[in-house]
Structures are given as C-alpha cells and as structure tokens.
2 protein chains.
Amino acid sequence: MSKRSTRQKRAIEQVLLAARGPLSAQQIQEKASEISPGLSLATVYRVVREGAEAGTLSTVCLDDKVTRYEDRHRHHHHHFLCEDCDEVFDITIPCEMLAHRVPEGYSVTRHEITLYGHCAECA
Amino acid sequence: MSKRSTRQKRAIEQVLLAARGPLSAQQIQEKASEISPGLSLATVYRVVREGAEAGTLSTVCLDDKVTRYEDRHRHHHHHFLCEDCDEVFDITIPCEMLAHRVPEGYSVTRHEITLYGHCAECA
DNA sequence: CTAACTGCAAAGCCTTTGCATACCA
DNA sequence: TGGTATGCAAAGGCTTTGCAGTTAG
C-alpha cells in the first residue's frame, strides 16, 4: 500500500486519470516520463501492482496478450480493442441481463465484455 | 500448416476436442502426455501456434493472464472463469445486440464476453 | 533522521527458437 | 530415403526482485 506521495507516483496517476482507456506498462512509462523524467519501468510495475492490490486500479488482459491498467474511479464500462492501432477504448454496453445466463449452480461476481474491430480513426 | 499426422499432434487434438473449455499449454501437456508420453511443452506450443494460424484453434487470454487454447469447431460461445479452481468453462449468452452499441464510426468484427465467479463444484 | 521509494541490473516466468535426432509418408 | 516433426536446452520478452543510493515527512 502506498505510503508516500512521490513525483513518480503522481505522474503515473495523472497519466492514468487522463487516459481514454487502459494503458500498458510501456505506454504508462512513455507518457509519465514526460512529467517525471527518468521514470523506470520497474517503478511503473511496482506502482500499478500496488494500485491493483489496493483496489484503485484494475488490470485488463485482452486477446493481444498485452496487460493494461486503468483507474477504477470511473463508471462500470467495457472495452473496445482496435485491431489496426492496438489502442483500447472504453465503451458502455447495457449488461444487466448477463448474470442470469449462467448454468445452474454457477454464481457470477463480475464480467468483462470486449469488442474487437476498427476504431473511428482507423476505419 | 501441419503436414504430417504424428502421435503428438493426435494426442493434443484429442485433448482439445474433449475439453469443456479452453486449456492452457501446461494443461494440454499434462493431459496429452497420458496419451503420448514424453510430449514436450515446446511441441505443445508449436502445435497450438500452427492451429491458431491455420484457424482451427483460437487463443483466449482472460484476466488471470494465462493463455488458453480451444478448438474452433464448436458453436460461438463465451467463457466463465471460476475464481476458485481457475478452470474455464464454455457458456452461451445471447449477444446479437452487441454490435450496435459502439460509438459512431466504430466497426465491430468480433467480441468476447467473460464472466467471473464460482462454478457449480466450487460454490 | 529513517523508513519508504527509486533506478539499475540480475533473476524469473512463459513462450519461442536452433540444432541434432527421430520418424512419417 | 528425404524432409517434417520432436525434444532438449538456450535464447527472448515481459515482469519481478535485490540492493544500494535517494527522498518524503
């Protein structure tokens, strides 16, 4: 759990808050380095890991096998992965009915819906 | 593309055809080794990779970051990951409406719905 | 001041690859 | 027999960890 506020942590938080969707560790390092030069990948991994354990961040793993991280402060949403630019965007889909569609005896705690296709810029 | 039918490939295919859901490379090796003793992990990776490239297999990457593989011969379906036993099961959910819920300009080619929770055995 | 944090480089996992051998066809 | 497929071990990529130096409070 994070105990001190450092330049590096603030930079990472800021980047994640400004993101349109989940970002990979690499992307976070690139963007946060502009705010906190010299930021190491190791620190990015340490901070996102702490955030995930503390529940402030969630990790997303889609079919392209890249792990991405996003702030949890926002509303429940889903993801769209553009197969051209590999960028992930947040989207909203009605999903109330999902929990009722499982076999007898199963219980659902959460779900993930991901669409794959082409984003507006790449189409 | 696969050119020869070998003991190892037949074992892997057989395991994937019998599976209730997608399996990890490890799981495939364990189960297929019972049929073809000495089967190496490297071969499993080579065979599933060929299958994926040939389109007969699909790869699945859920939030637990484990890559799993499954035969594509079956109907369109979705996945349920049990958070207790880490097993993945195939499920069916109506999903016709999904493609219409994306922002202006986006096009959807495919989707993935995953439920997380507890399976009948673990509940 | 001092315990938490960071950067670096080394270590760890999972997956891929190079090479000599085994084995389908 | 000839070339594909396999097993082993080494190499690769992403992520984690150990350690010594740095810094927040």
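Every chain is numbered from 1, with letters handed out A, B, ... down the list of sequences.
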Rounded to the nearest angstrom, tell me the gap between atom CD in B:E30 and atom C1' in C:dC14. 15 Å
Is there a path of hydrophobic side-chain contacts, each under 4.5 Å between heavy atoms, that joins B:L23 and B:L39? yes
Using residues 116-123 of chain B as the side-chain source, report each donor-acceptor pair under 3.5 Å to any protein atom, sequence neighbours left out, with the distance given to one decimal.
unit_1, atom_1, unit_2, atom_2, d
B:Y116, OH, B:D63, N, 3.2
B:H118, ND1, B:D84, OD2, 2.7

Nearest heavy-atom contact between A:T59 and B:K65 is OG1-NZ, 3.7 Å
Strand contacts (DNA chain D) in residues 32-40 of chain B, 4.0 angstrom heavy-atom criterion: B:G38, B:L39, B:S40
Length of the line joining B:R49:CZ and C:dC14:P, which is rounded to integer Å: 19 Å
Contact summary for B:R7 and B:P37, nearest pair of heavy atoms: NH1-O, 4.0 Å
Within this structure, what is the CD-to-P distance between A:Q29 and C:dC8, rounded to whole angstrom? 10 Å
Is the shortest distance from a Lys or Arg side-chain nitrogen in B:E87 or B:R68 to a carboxylate oxygen in the other one below 4.0 Å? no
B:T43 vs B:K65, nearer the 5' end of DNA chain D by closest nucleotide: B:T43
Salt-bridge test for A:R74 and A:D90: reply yes if a basic N is under 4.0 Å from a carboxylate O, no otherwise. yes
Tell me, for nucleotides 18-25 of chain D in 5' to 3' order, what letter each nucleotide earns: B for a base near a protein heavy atom under 4.0 Å, S for only sugar-phosphate near one, - for neither? B----BBS
Salt bridge check: are B:K3 and B:E50 linked by an N-O gap of less than 4.0 Å? no
Distance, rounded to the nearest Å, where B:L41 contributes CG and C:dT16 contributes C1': 12 Å
Give a yes/no answer on whether the side chain of B:Q8 brings an N or O atom under 4.0 Å of OP1 or OP2 in D:dG7. yes
Give me the atom names and distance for the closest heavy-atom approach of A:C95 to A:H111. SG-NE2, 3.4 Å
Whole-Å distance, A:D64 CG to D:dG13 P, equals 17 Å
For B:Q26 and C:dT16, give me the distance from atom CD to atom P, rounded to whole Å. 14 Å
Have B:H79 and B:E70 got a donor and an acceptor in their side chains that come within less than 3.5 Å? yes
